[in-house]
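Have a look at the structure below, then the notes.
We use all heavy atoms of the structure for the numbers below, so side chains are in, but hydrogens, waters and symmetry mates are not.
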Amino acid sequence: MSHDLFHPTDLKPLGTDILRTPFLSQDICEIILECLKEKNTWFYNAKNPHHTDDIHFKKDLPEWYAILEEGLLAVLVPATKYWDISSADIEIINMFAVRYTLSEKTELAKHHDDSYITCSLKLNSNYEGGELFFPRQKTTNKQVDVGDLLIWPGQITHPHSSLPLVSGEKYSITVWTKNESLKNHR
């Protein structure tokens, strides 16, 4: 059963309203990374001002989507309690791998996500630069371990960017959610 892949949830603050928990082992992250490299269907939407080089799990790696969704939903329940919101109506709407390379996409400008709660999973660490940066919270993921999951409110309070990559290649997974009970959410 896939739940054996996940670390027990142990939410700790990383910055203001940014939570961190161990999620997957480094070995599992390496397996996912190898699957992404083998699939090699990276898509770059230059029409989007905050585009990244992506592989969408639901379309390209549906078996991993199902496995990761199970673990993510289990983490989102206690995370929503931290913000004193209901988890009943939260749904994962997008899960995609992001790649930064020196020859393609090296950074991402400051932006807000179209997501009620956003998660980011660090897949590797053999790169320099490229930190996920929250300027308002003065927080980065530089000291976050491979396999750790970051969770934060995706819209108003947490603009973020990816700082310029200096060397290597950076890989991560981004997860967006929506809350069906909010009428103003897309």
Side-chain angles (χ1 to χ4, degrees), residues 2 5-6 18-21 23-24 26 28-76 79 90-127 129-134 140-141 144 146-155 158-165 168-180 185-186:
S2 62
L5 295 177
F6 304 107
I18 302 170
L19 301 176
R20 171 187 182 176
T21 185
F23 187 66
L24 293 173
Q26 188 166 346
I28 297 299
C29 289
E30 288 174 13
I31 291 169
I32 293 170
L33 188 51
E34 286 305 312
C35 289
L36 291 166
K37 289 178 178 180
E38 184 177 306
K39 193 67 172 175
N40 199 28
T41 54
W42 299 100
F43 177 72
Y44 184 80
N45 182 2
K47 292 179 183 178
N48 181 338
H50 299 291
H51 55 275
T52 55
D53 212 4
D54 303 340
I55 290 180
H56 288 260
F57 278 82
K58 197 172 231 178
K59 176 183 166 218
D60 293 319
L61 294 167
E63 63 286 347
W64 275 110
Y65 182 92
I67 292 167
L68 293 171
E69 181 183 42
E70 178 184 336
L72 289 162
L73 290 172
V75 171
L76 285 169
I90 292 179
E91 175 186 346
I92 293 173
I93 58 168
N94 206 349
M95 184 186 314
F96 53 98
V98 179
R99 173 180 72 172
Y100 294 91
T101 67
L102 293 175
S103 62
E104 304 273 335
K105 183 78 172 170
T106 62
E107 63 188 300
L108 185 60
K110 184 171 78 170
H111 65 283
H112 289 91
D113 293 335
D114 186 19
S115 174
Y116 187 59
I117 296 173
T118 299
C119 304
S120 179
L121 177 69
K122 193 176 204 177
L123 288 177
N124 71 320
S125 62
N126 54 340
Y127 60 89
E131 291 92 2
L132 178 60
F133 175 56
F134 299 87
T140 75
N141 72 339
V144 171
V146 169
D148 279 6
L149 185 69
L150 298 185
I151 308 159
W152 67 90
Q155 293 176 337
H158 286 68
H160 55 281
S161 63
S162 182
L163 299 177
L165 187 68
E169 292 185 352
K170 173 189 172 183
Y171 295 89
S172 62
I173 296 174
T174 298
V175 179
W176 288 352
T177 69
K178 68 178 179 179
N179 184 327
E180 288 294 335
H185 197 281
R186 291 185 225 178

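How far CD1 of Ile67 is from CD1 of Ile32: 8.0 Å, rounded to the nearest 0.5 Å. Between the CG atom of Leu121 and the CG atom of Asn141 there is a distance of 10.5 Å, given to the nearest 0.5 Å. Rounding to the nearest 0.5 angstrom, the gap separating the CD1 atom in Ile18 from the NE2 atom in His158 is 4.5 Å. From Leu132, atom CG reaches atom OG1 of Thr174 across 8.0 Å, with rounding to the nearest 0.5 Å. A distance of 12.0 Å separates CZ of Phe23 from CG of Leu150, quoted to the nearest 0.5 Å. Here the CD1-CD1 distance, from Ile173 to Ile55, works out to 10.5 Å after rounding to the nearest 0.5 Å.
Checking side-chain atoms of Asn94 against main-chain N and O of Trp176 turns up no donor-acceptor pair under 3.5 Å. A donor-acceptor contact shorter than 3.5 Å links the side chain of Thr177 to the backbone of Ile117. Of the possible donor and acceptor atoms, one in the side chain of Lys122 sits under 3.5 Å from a partner among the backbone N and O of Val144. Between the side chain of Lys39 and the backbone N or O of Leu61, no donor-acceptor pair lies under 3.5 Å.
A search for side chain to side chain contact (heavy atoms under 4.5 Å, CB included) contacts involving Glu107 returns Pro164, not counting sequence neighbours. Under the rule for a side chain to side chain donor-acceptor pair (under 3.5 Å), Glu131 has no partner lying at least two apart in sequence or in another chain. Looking at residues two or more places apart in sequence or on another chain, you find no ring-ring contact (aromatic ring centres under 6.0 Å, His included) involving Phe57. Scanning for salt bridge (Lys or Arg N to Asp or Glu O under 4.0 Å) contacts around Arg99 gives Asp53, with sequence neighbours left out. Legend: residues meeting side chain to side chain donor-acceptor pair (under 3.5 Å) with Thr118, ordered by chain and number and at least two apart, are Asp113, Ser115. Under the side chain to side chain contact (heavy atoms under 4.5 Å, CB included) criterion, Ser161 pairs with Lys110, Phe133, Leu163, not counting sequence neighbours. Applying the side chain to side chain donor-acceptor pair (under 3.5 Å) criterion to Tyr100, with sequence neighbours excluded, gives no partner residue. With sequence neighbours left out, the side chain to side chain donor-acceptor pair (under 3.5 Å) criterion links Ser125 to no other residue. When the ring-ring contact (aromatic ring centres under 6.0 Å, His included) test is applied to His112, no partner is found at least two apart in sequence or on another chain. With sequence neighbours excluded, the residues that form a ring-ring contact (aromatic ring centres under 6.0 Å, His included) with Tyr44 are His51.
Annotation for Cys29 and Gly147: closest pair SG-CA, 3.5 Å, computed over non-hydrogen atoms. When all heavy atoms of Asp114 and Ile93 are compared, the closest pair comes out as O-CD1, 4.3 Å.
With a 4.5 Å cut-off on side-chain heavy atoms, Phe6 and Val75 do not count as touching. In this structure the side chain of Ser120 never reaches within 4.5 angstrom of the side chain of His160, judged on heavy atoms.
Listed by first and then second residue, the side-chain hydrogen bond (donor to acceptor under 3.5 Å, both in side chains) pairs that reach into residues 57-69 are Thr41-Asp60, sequence neighbours excluded.
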Practice task
Go through Trp42 and Glu104 one step at a time and tell me if the side-chain contact (heavy atoms from CB on, under 4.5 Å) criterion holds.
Solution key: CA-CA 11 Å; Trp42 299 100; Glu104 304 273 335; over 6 Å; no
